[in-house]
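Below, chain A is the first sequence line, B the second, and so on; all start at residue 1.
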4 protein chains.
Amino acid sequence: MTLQQPDPASNPGLEYFRSLIGQSFKDKSRSPFGRWLAGTLLAVEHGRLEIEFTVRPEMLNPAKTFHGGVIAGIMDDAIGATIFALGKKNFFTSVNLVVDYFAPAKEGDRVIAKTAIIKEGAKIINAQCEIWHAEKNRLLSRGTTNLMKIDVEV
Amino acid sequence: MTLQQPDPASNPGLEYFRSLIGQSFKDKSRSPFGRWLAGTLLAVEHGRLEIEFTVRPEMLNPAKTFHGGVIAGIMDDAIGATIFALGKKNFFTSVNLVVDYFAPAKEGDRVIAKTAIIKEGAKIINAQCEIWHAEKNRLLSRGTTNLMKIDVEV
Amino acid sequence: MTLQQPDPASNPGLEYFRSLIGQSFKDKSRSPFGRWLAGTLLAVEHGRLEIEFTVRPEMLNPAKTFHGGVIAGIMDDAIGATIFALGKKNFFTSVNLVVDYFAPAKEGDRVIAKTAIIKEGAKIINAQCEIWHAEKNRLLSRGTTNLMKIDVEV
Amino acid sequence: MTLQQPDPASNPGLEYFRSLIGQSFKDKSRSPFGRWLAGTLLAVEHGRLEIEFTVRPEMLNPAKTFHGGVIAGIMDDAIGATIFALGKKNFFTSVNLVVDYFAPAKEGDRVIAKTAIIKEGAKIINAQCEIWHAEKNRLLSRGTTNLMKIDVEV
């Protein structure tokens, strides 16, 4: 377990996501692409977040399995939300995203994105997102990203 | 320049994409997510392909710039098409995808994805995709991927 | 925790490493570069391994801190040993290695490499290695790799 | 070709490396691990550098081929030298390193590391290193890295 010690104090970003537990991001996300992904928030705490998605027809690749690009999109969006829920004063921007693909999913499958902050540095935050098949308890994909603090306040 | 020597012989996969030059993938792509991305094919040859996309409102992140996840999605989809146009007997599946982000784009901007095959091994193909701002001639992002041959014939 | 269910049965590869616990790889490793790294094996079990290293003068970069390339070398070597200890019939070769750097170490510091198998597929094994500062209990670096089964038996 | 427009003006860092062309880093590198790698500088210009290495016995893995960790080490060291030769006022530190492995080399083989700056941002520099087999003109490996400017002047 590499998660840093959580800050026990709450913050507006965390409270915002707590108020959305059990709801769909379809109408509520501040991320337009997040609304298209249309996940349902299952859980959130400092540095961790779980969102469930259903694999829709327009999320498939030519082999009719879950598109690797949509998986990458879920990771980037879910990690962005996790960073926002940390309640930092500044915005962070993605430097890179690395995704490993392990197993396919098909139309109608439900998948769960589980994020974690791996290292919270002064300038760089490193975060991870796993994608699990909801019913089979199988790890489908895992990604990591480095985000850099920028000189713009939230 | 690390591109392998191209196979001069054409193949049905390459001919298929050649017939689509100048057209939108919105209605024609065999990739459902590729139809959502709705790029226009600009050029294709053995191991290379160029597709232009317009940044639509639903492709934005909370900061109202081009979503990193959509950029990753474009890369995965464009590289998949490039592999298909190689005319291989077997399907290839993504082992990983690595994306570096350099500069933002905004709603309405046109971006061009340019793919290249870096190494064509017997079991693994390594490919790259650059995303350029169409008007500013600025490199926005670059990604690489390893794809593995699977025991399913095209 | 994404570790696959361990195979409870032992195997010659695992027994070999168990016999080396507490010893230095300086004279014993089958990996010539592993002998140069000269780690001491702290623990081994199915899919996990811990090795301690001392940062020697020749392992530094121009800024006189632990060279990122040596860190990558430790990861690659420690993950290779972890795979060997799985007792697979075939050899596996690295497809890629991804390393994130978080914090520096200096000459004389002791660091511990901790490996884990993230996904054990039929053709691809995905593994991770964390590098911890031994005394400060600080995560210095983390890497992941995909290894592919090759048609050569052990 | 994604190389940024080079700054035609020379600088002390670039002049330093120019003075070393044709010489071995074995005794001259400011990088202690670079001295162990013992490459010979073939060429240097703004944003590019070529170094030749010989695969020594202690650079091998258990399969008696060129150790992937040493390859990663060469990339990190050669890219670091390329950044130094840019003549920046500040130091840059590696955020990450990503390496793709394509083909093996064996003891005694000569390999050439060729670096390139892919994107020179204000805070982040993205750079690449290819490793070529010197005689076979075969691409063995390719890596990319993001380096971040730090608040320490050269």
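Contact record, D/Pro32 with C/Leu60: CD-O, 3.3 Å, taken as the closest heavy-atom pair. Closest approach of C/Arg30 and D/Lys64 over heavy atoms only: O-NZ, 4.0 Å.
The CG atom of D/Asn61 lies 8.5 Å from the CG atom of C/Asp77; values are rounded to the nearest 0.5 Å. Between the CD1 atom of D/Ile71 and the CG atom of C/Leu97 there is a distance of 10.5 Å, given to the nearest 0.5 Å.
Counting heavy-atom pairs under 4.5 Å between each of C/Thr145, C/Ile74, C/Val95, C/Asn146 and chain D puts C/Val95 at the top. When C/Gly73, C/Ala63, C/Ser29, C/Gly34 are compared by the number of non-hydrogen pairs under 4.5 Å with chain D, C/Gly73 comes out ahead. The choice from D/Phe91, D/Trp36, D/Phe102, D/Phe84 that makes the most heavy-atom pairs within less than 4.5 Å of chain C is D/Trp36.
Residue C/Arg18 places its CZ atom among more than 12 non-hydrogen atoms of other residues, nucleotides or ligands, all under 6.0 Å distant.
In this structure, D/Asn96 contributes its side chain and C/Asp100 its backbone to no donor-acceptor pair below 3.5 Å.
For the side-chain contact (heavy atoms from CB on, under 4.5 Å) with D/Phe33, the lone residue among C/Arg56, C/Met59, C/Glu58, C/His67 that qualifies is C/His67.
When the heavy atoms of residues 107-115 of chain C are compared with those of chain D, none of the residues falls under 4.5 Å.
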